[in-house]
Amino acid sequence: ELDYKPSERFVEAALKSKYVQRGNLLATNIDLNLRSVVDSLRLKLLSDGLYVGSLRFTSVGVSGGAAKNRFALDADIKDTISHLAANFDWRGSVRRLDDGHRRLTLKLLPSLFSLRDDRWELSSNNLEFDSARIVINNFRMGNKSEELVLDGVASRSRNDSLRLTLRNF
(Lines give C-alpha, C1' and ligand atoms only; values in the text may rest on other atoms or scores of the structure.)
Protein backbone atom coordinates (compact mmCIF):
# COMPACT_ATOMS: atom_id res chain seq x y z
CA GLU A 1 0.00 0.00 0.00
CA LEU A 2 1.42 3.38 -1.01
CA ASP A 3 0.10 6.91 -0.45
CA TYR A 4 1.99 9.64 -2.30
CA LYS A 5 1.11 13.34 -2.32
CA PRO A 6 3.88 15.30 -4.09
CA SER A 7 2.27 18.69 -3.48
CA GLU A 8 2.44 18.05 0.29
CA ARG A 9 5.85 16.32 0.11
CA PHE A 10 4.23 13.31 1.77
CA VAL A 11 4.83 9.57 1.25
CA GLU A 12 3.46 6.72 3.33
CA ALA A 13 4.06 3.04 2.59
CA ALA A 14 2.99 -0.19 4.26
CA LEU A 15 4.35 -3.59 3.37
CA LYS A 16 3.19 -6.92 4.67
CA SER A 17 4.71 -10.19 3.52
CA LYS A 18 4.76 -13.79 4.70
CA TYR A 19 8.47 -13.90 3.93
CA VAL A 20 11.38 -12.21 2.17
CA GLN A 21 14.44 -14.20 1.22
CA ARG A 22 17.70 -12.97 -0.28
CA GLY A 23 20.90 -15.00 -0.17
CA ASN A 24 21.34 -16.34 3.36
CA LEU A 25 18.77 -13.90 4.84
CA LEU A 26 15.19 -14.94 5.54
CA ALA A 27 12.61 -12.76 7.30
CA THR A 28 9.11 -14.08 8.05
CA ASN A 29 5.76 -12.37 8.69
CA ILE A 30 7.05 -8.88 7.98
CA ASP A 31 5.12 -5.73 8.76
CA LEU A 32 6.87 -2.54 7.61
CA ASN A 33 5.46 0.98 7.85
CA LEU A 34 7.26 4.00 6.49
CA ARG A 35 6.17 7.64 6.57
CA SER A 36 7.96 10.66 5.17
CA VAL A 37 6.72 14.24 5.50
CA VAL A 38 8.81 17.11 4.12
CA ASP A 39 12.31 16.23 5.47
CA SER A 40 11.40 13.75 8.21
CA LEU A 41 11.17 9.98 8.11
CA ARG A 42 9.58 7.48 10.51
CA LEU A 43 9.78 3.74 10.26
CA LYS A 44 8.48 0.69 12.10
CA LEU A 45 9.44 -2.88 11.23
CA LEU A 46 8.17 -6.05 12.88
CA SER A 47 9.02 -9.65 12.03
CA ASP A 48 8.38 -12.89 13.88
CA GLY A 49 11.46 -14.53 12.40
CA LEU A 50 14.81 -13.34 11.12
CA TYR A 51 17.45 -15.79 9.97
CA VAL A 52 20.86 -14.61 8.81
CA GLY A 53 23.26 -17.47 8.23
CA SER A 54 23.44 -19.31 11.55
CA LEU A 55 21.87 -16.41 13.52
CA ARG A 56 18.19 -16.80 14.37
CA PHE A 57 15.76 -14.41 16.06
CA THR A 58 12.15 -15.35 16.75
CA SER A 59 11.05 -11.73 17.19
CA VAL A 60 12.42 -8.50 15.74
CA GLY A 61 11.11 -4.98 16.18
CA VAL A 62 12.80 -1.85 14.89
CA SER A 63 11.41 1.66 15.08
CA GLY A 64 12.98 5.00 14.43
CA GLY A 65 12.92 8.34 12.82
CA ALA A 66 15.12 10.97 11.24
CA ALA A 67 14.85 14.70 10.67
CA LYS A 68 17.24 17.63 10.30
CA ASN A 69 20.39 15.44 10.37
CA ARG A 70 19.31 13.74 13.61
CA PHE A 71 17.98 10.23 14.10
CA ALA A 72 16.68 7.80 16.70
CA LEU A 73 16.64 4.03 16.41
CA ASP A 74 15.27 1.47 18.83
CA ALA A 75 15.73 -2.26 18.17
CA ASP A 76 14.29 -5.19 20.12
CA ILE A 77 15.38 -8.71 19.23
CA LYS A 78 14.51 -12.00 20.89
CA ASP A 79 15.11 -15.67 20.36
CA THR A 80 12.93 -17.78 22.62
CA ILE A 81 14.83 -20.94 21.66
CA SER A 82 18.30 -19.76 22.78
CA HIS A 83 16.84 -17.39 25.44
CA LEU A 84 18.52 -14.36 23.90
CA ALA A 85 17.02 -10.89 24.22
CA ALA A 86 18.36 -7.44 23.43
CA ASN A 87 17.17 -3.86 23.31
CA PHE A 88 19.39 -1.21 21.76
CA ASP A 89 18.36 2.44 21.87
CA TRP A 90 20.44 4.86 19.78
CA ARG A 91 20.30 8.60 19.21
CA GLY A 92 22.56 10.30 16.72
CA SER A 93 23.37 13.04 14.28
CA VAL A 94 25.42 13.63 11.16
CA ARG A 95 27.16 16.91 10.42
CA ARG A 96 29.69 18.24 7.96
CA LEU A 97 33.06 19.35 9.38
CA ASP A 98 34.98 22.44 8.21
CA ASP A 99 37.23 20.21 6.06
CA GLY A 100 34.18 18.86 4.21
CA HIS A 101 34.17 15.42 5.84
CA ARG A 102 31.17 14.14 7.76
CA ARG A 103 31.03 13.22 11.44
CA LEU A 104 28.61 10.68 12.86
CA THR A 105 27.77 11.17 16.54
CA LEU A 106 25.98 8.39 18.44
CA LYS A 107 24.66 8.04 21.94
CA LEU A 108 23.77 4.58 23.20
CA LEU A 109 21.03 5.10 25.75
CA PRO A 110 20.83 2.48 28.51
CA SER A 111 20.33 -0.77 26.62
CA LEU A 112 20.15 -4.44 27.55
CA PHE A 113 21.48 -7.73 26.27
CA SER A 114 20.70 -11.04 27.95
CA LEU A 115 21.47 -14.65 27.22
CA ARG A 116 19.72 -17.14 29.48
CA ASP A 117 20.23 -15.76 33.02
CA ASP A 118 23.17 -13.49 32.17
CA ARG A 119 22.00 -9.86 31.78
CA TRP A 120 24.31 -7.15 30.46
CA GLU A 121 23.68 -3.40 30.46
CA LEU A 122 25.22 -1.19 27.79
CA SER A 123 25.50 2.59 27.50
CA SER A 124 27.72 5.34 26.17
CA ASN A 125 27.72 9.09 26.70
CA ASN A 126 28.96 9.73 23.19
CA LEU A 127 30.61 8.01 20.23
CA GLU A 128 31.97 10.10 17.35
CA PHE A 129 33.21 8.77 14.03
CA ASP A 130 34.86 10.68 11.20
CA SER A 131 37.65 10.05 8.73
CA ALA A 132 40.38 11.21 11.15
CA ARG A 133 39.39 9.74 14.50
CA ILE A 134 37.01 7.83 16.71
CA VAL A 135 36.01 9.34 20.05
CA ILE A 136 34.56 7.00 22.66
CA ASN A 137 33.17 8.72 25.73
CA ASN A 138 32.46 6.29 28.54
CA PHE A 139 31.21 3.20 26.70
CA ARG A 140 30.11 0.72 29.38
CA MET A 141 29.10 -2.91 29.19
CA GLY A 142 28.54 -4.78 32.42
CA ASN A 143 26.54 -7.14 34.54
CA LYS A 144 26.36 -7.69 38.32
CA SER A 145 29.96 -8.91 38.59
CA GLU A 146 31.78 -7.91 35.37
CA GLU A 147 32.38 -4.62 33.59
CA LEU A 148 34.14 -3.31 30.49
CA VAL A 149 34.68 0.43 30.05
CA LEU A 150 36.19 2.05 26.97
CA ASP A 151 37.08 5.75 26.98
CA GLY A 152 39.29 7.97 24.84
CA VAL A 153 40.29 8.78 21.29
CA ALA A 154 41.61 6.47 18.59
CA SER A 155 43.43 8.24 15.75
CA ARG A 156 46.79 8.37 14.02
CA SER A 157 48.00 11.00 16.51
CA ARG A 158 50.42 9.77 19.20
CA ASN A 159 48.82 12.29 21.58
CA ASP A 160 45.49 10.43 21.54
CA SER A 161 44.83 7.37 23.66
CA LEU A 162 42.09 4.86 24.26
CA ARG A 163 41.72 3.38 27.75
CA LEU A 164 40.18 -0.04 28.33
CA THR A 165 39.18 -0.86 31.91
CA LEU A 166 38.11 -4.39 32.84
CA ARG A 167 36.62 -5.47 36.16
CA ASN A 168 36.40 -9.26 36.76
CA PHE A 169 36.26 -9.73 33.01
Side-chain angles (χ1 to χ4, degrees), residues 13-36 40-95 102-130 133-154 161-169:
L15 165 77
K16 292 183 188 279
S17 179
K18 288 192 185 262
Y19 72 92
V20 171
Q21 185 172 9
R22 178 150 173 101
N24 68 348
L25 179 132
L26 172 66
T28 60
N29 293 322
I30 302 159
D31 186 358
L32 172 65
N33 292 289
L34 207 65
R35 180 181 174 104
S36 176
S40 68
L41 175 71
R42 298 185 73 64
L43 104 96
K44 184 174 183 181
L45 169 71
L46 300 171
S47 173
D48 70 4
L50 178 64
Y51 307 87
V52 183
S54 63
L55 291 174
R56 170 194 64 227
F57 305 106
T58 54
S59 173
V60 175
V62 177
S63 62
K68 298 181 179 157
N69 296 326
R70 297 188 175 280
F71 65 89
L73 185 67
D74 182 49
D76 286 301
I77 58 173
K78 293 183 178 101
D79 181 21
T80 55
I81 297 165
S82 67
H83 303 284
L84 175 134
N87 171 264
F88 298 104
D89 197 357
W90 294 94
R91 299 293 179 268
S93 64
V94 178
R95 67 182 173 103
R102 288 192 172 94
R103 174 171 292 156
L104 171 64
T105 301
L106 295 173
K107 181 173 184 165
L108 177 60
L109 299 176
S111 298
L112 300 172
F113 175 84
S114 63
L115 182 59
R116 294 182 184 79
D117 295 330
D118 202 7
R119 179 182 158 128
W120 292 80
E121 295 180 5
L122 296 95
S123 65
S124 178
N125 291 345
N126 210 34
L127 303 168
E128 291 183 1
F129 304 89
D130 63 46
R133 65 188 193 148
I134 298 171
V135 177
I136 300 172
N137 186 354
N138 200 28
F139 173 83
R140 294 182 173 274
M141 181 175 92
N143 61 23
K144 290 179 184 176
S145 60
E146 301 168 284
E147 184 177 49
L148 174 148
V149 178
L150 199 52
D151 195 64
V153 178
S161 66
L162 192 59
R163 182 177 52 247
L164 171 64
T165 305
L166 300 172
R167 181 177 55 88
N168 296 329
F169 215 79

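Computed from a predicted structure; not experimentally measured. Atom set for the values below is all heavy atoms of this structure, side chains included, hydrogens, waters and symmetry mates excluded.
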Mark yes when over 12 heavy atoms from residues, nucleotides or ligands other than [X] sit less than 6.0 Å from its [atom1]; otherwise mark no.
| X | atom1 | answer |
| --- | --- | --- |
| R42 | CZ | no |
| F169 | CZ | yes |
| R163 | CZ | no |

Drop me the distance from [X]'s [atom1] to [Y]'s [atom2], to the nearest 0.5 angstrom.
| X | Y | atom1 | atom2 | value |
| --- | --- | --- | --- | --- |
| R102 | S93 | CZ | OG | 13.0 Å |
| Y19 | T28 | OH | OG1 | 11.5 Å |
| L43 | S63 | CG | OG | 7.5 Å |
| S47 | L26 | OG | CG | 8.0 Å |
| N168 | K144 | CG | NZ | 14.5 Å |
| L108 | L106 | CG | CG | 8.5 Å |

field: Audit row: K44, R35, side-chain contact (heavy atoms from CB on, under 4.5 Å) steps and yes/no
entry: CA-CA 9 Å; K44 184 174 183 181; R35 180 181 174 104; over 6 Å; no

[Y] side chain reached by [X] side chain, heavy atoms, under 4.5 Å:
| X | Y | result |
| --- | --- | --- |
| L122 | F139 | yes |
| F88 | V62 | no |
| F113 | D118 | no |
| R70 | R91 | no |
| N137 | D151 | yes |
| L104 | F71 | yes |
| N69 | R95 | no |

Which atom of [X] lies closest to which atom of [Y], heavy atoms considered:
| X | Y | result |
| --- | --- | --- |
| L150 | I136 | O-CG2, 3.3 Å |
| N87 | S111 | O-CB, 2.9 Å |
| R103 | D130 | NH2-OD2, 2.6 Å |
| D79 | F57 | CB-CA, 4.2 Å |
| S114 | R119 | CB-CA, 4.0 Å |

field: side-chain contact (heavy atoms from CB on, under 4.5 Å) partner of T58, chosen from L50, T80, I77
entry: T80

Check: S59 side chain, K78 main-chain N or O, donor-acceptor pair, under 3.5 Å: no

message: Using a 3.5 Å distance criterion without hydrogens, assess whether the side chain of S17 forms a donor-acceptor pair with backbone atoms of I30.
response: no

- prompt: Does a salt bridge link R140 with E121, judged by any charged N lying under 4.0 Å from a carboxylate O?
  reply: no

query: So L127 and W90, side-chain contact (heavy atoms from CB on, under 4.5 Å) or not? Walk me through it.
result: CA-CA 11 Å; L127 303 168; W90 294 94; 3.9 Å; yes

